[in-house]
Number of protein chains: 2
Amino acid sequence: MDKSSPLQLPTSNSGTTGRTRKASVPGKKIIRDLGLKVTTQRLDILEVVRSGPNHFTAQDVFETVVKRSPDIGFATVYRFLRTLTDASFVTEIRMGGMPARYEWAAKDHHDHLTCNSCGKIVEFENEEIERLQEKVALRFGFLLTSHVLELYGVCPECRQKKVSQADAENSR
Amino acid sequence: MDKSSPLQLPTSNSGTTGRTRKASVPGKKIIRDLGLKVTTQRLDILEVVRSGPNHFTAQDVFETVVKRSPDIGFATVYRFLRTLTDASFVTEIRMGGMPARYEWAAKDHHDHLTCNSCGKIVEFENEEIERLQEKVALRFGFLLTSHVLELYGVCPECRQKKVSQADAENSR
DNA sequence: CAATACATGAGAATGGATTTCATTTTCAAT
DNA sequence: ATTGAAAATGAAATCCATTCTCATGTATTG
């Protein structure tokens, strides 16, 4: 593997004597707490996952990391994402036939509202729905452990576009 | 293809002069209304899909049909299931990395409560949750077209089992 | 019955995810 | 710092559900 890269990731401590910039929880700690060995690959992945956009695929992570550390492999990304998912650091959402989407789970719980036309994703949370879900589970004697609520529709912008299209067709 | 099978499926009309047993909507009509040619494969698939268990995979359908008409292919099952899904006769649910589950959609809308341990699926419907979903979509200006709500938990039986296990371990 | 547009089956291809395995790296004990 | 055992890695092979391809077969129209 190419170890020559002088790059040092922002939130990964280079020495053991901490005191870098704030850095919430250092990646090293997270990895150690999982009982795993600290490797540059895992630090890289963590860095990307925590600082990147809200939703990403394994491919996204791979492509971002590979720019810095060209010798990382798919397998490592998938493996570690899986580990993070199992440990609930990351939420994995697999819908449709498309690649799994992940997100760093430290933020508040939320569900998704996705636009069928443009793919835009809006996050929302609704206490009342959550409560009702609990209620439903309880009614059947289930202990609720998780849920997936994904709403699909057409966003305001795309609705507008569709109206314009229809107008155009009518005046043809 | 082997056309020698004397088997005639229960709900598929052999002649054009109807009057078989009740048979809600004849399969032929459904297929014709879709603008497709009526083939024995499609009739077979429809028959299985409509008379079988609530939830099934493409594989399930294939395996059931293949017993009667050994020369059917995967492709045909997948193709027709896709068609039925597009036409909203069938609902396709793809969760996790597992094969897609399908169900005949003519029944009332419902969501699912799945047991993590034994895989049991309970169907439920909750008007209030549906209403709230609409409300959420509206708040963001979306026109809601569909949703996926899947609850996961541990069913009563499996909860019981887990308690027993824990007891056993404690007394070791 | 012929013409033809559509449907089918077999197998190849796809694509995301996982596994395998030889090699490399981490890290605790020197 | 050195070392050795266990763990982690990358590359490639593999898996598996699903889709595609295409030569052949079949339903439907007239």
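Order of the sequence lines fixes the chain letters, A, B, ..., with proteins taken first and strands second; residue numbering starts at 1 for each chain.
Between A/P99 and A/T57, the shortest heavy-atom contact is CB-CG2, 4.5 Å.
The nearest whole Å value for the distance from the CG atom in B/L43 to the P atom in D/dT26 is 15 Å. One atom, CG of B/L46, and another, P of C/dA7, lie 14 Å apart when rounded to the nearest Å. Whole-Å rounding puts the A/F62 CZ to D/dT9 P distance at 14 Å. In this structure, B/F80 atom CZ and D/dA27 atom C1' are separated by 15 Å, rounded to whole Å. Distance B/I45 CD1 to C/dT8 P: 7 Å, rounded to the nearest Å. Taking atom CG of A/D71 as the reference point, atom C1' of D/dA8 lies 15 Å away to the nearest angstrom. Counting to the nearest Å, the P atom of C/dT26 and the CD1 atom of A/I31 are 12 Å from each other. Per the geometry, CG belonging to B/D44 stands 12 Å off P belonging to D/dA27, to the nearest Å.
The salt bridge (Lys or Arg N to Asp or Glu O under 4.0 Å) test applied to A/K37 returns no partner, not counting sequence neighbours. With sequence neighbours left out, the side chain to side chain contact (heavy atoms under 4.5 Å, CB included) criterion links B/T145 to A/N116, A/Y152, A/V154. In this view, A/K120 and A/E157 satisfy the salt bridge (Lys or Arg N to Asp or Glu O under 4.0 Å) rule, not counting sequence neighbours. Residues satisfying the side chain to side chain contact (heavy atoms under 4.5 Å, CB included) criterion with A/E128, sequence neighbours excluded, are A/N126, A/R131, B/E128, B/L132. Shown here are the side chain to side chain contact (heavy atoms under 4.5 Å, CB included) partners of A/N54, two or more places apart in sequence or in another chain: A/K107, A/E123. Taking the salt bridge (Lys or Arg N to Asp or Glu O under 4.0 Å) definition, one finds that A/K135 meets it with nothing, sequence neighbours left out.
Judged as a side-chain hydrogen bond (donor to acceptor under 3.5 Å, both in side chains), the pairs with a partner in residues 80-93 of chain A (not counting sequence neighbours) are, in order, A/E92-A/R94, A/E92-A/Y102. Screening residues 67-94 of chain B for ring pair (Phe, Tyr, Trp, His ring centres under 6.0 Å), with sequence neighbours left out, gives B/F62-B/F74, B/F89-B/W104. A ring pair (Phe, Tyr, Trp, His ring centres under 6.0 Å) check over residues 112-136 of chain B, counting only residues at least two apart or in different chains, returns the pairs B/H55-B/H112, B/H110-B/H112.
Summary for the helix from C/dC1-D/dG30 to C/dT30-D/dA1: the axes at its two ends, each from 5 pairs, differ by 30° when rounded to the nearest 10 degrees.
Residue B/R79 has no polar side-chain atom (N or O) positioned under 4.0 Å from OP1 or OP2 of D/dT19. At least one side-chain nitrogen or oxygen of A/Q41 sits closer than 4.0 Å to the OP1 or OP2 atom of D/dG10.
Side-chain contact between A/V61 and A/V49: present, with at least one pair of heavy atoms (C-beta onward) separated by less than 4.5 Å.
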Give me, pair by pair, the N or O atoms of the protein and of nucleotides 13-18 of chain D that are less than 3.5 Å apart, along with how far apart they are.
| residue | atom | partner | partner atom | Å |
| --- | --- | --- | --- | --- |
| D/dT18 | OP1 | B/A100 | N | 2.8 |
| D/dT18 | OP2 | B/Y78 | OH | 2.7 |

Between the protein and nucleotides 28-30 of chain D, list every N/O to N/O distance that falls short of 3.5 Å.
| residue | atom | partner | partner atom | Å |
| --- | --- | --- | --- | --- |
| D/dT28 | OP1 | B/V38 | N | 3.3 |

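Nearest-nucleotide assignment on DNA chain D puts the 5′-proximal partner with A/A75, out of A/A75 and B/A75.
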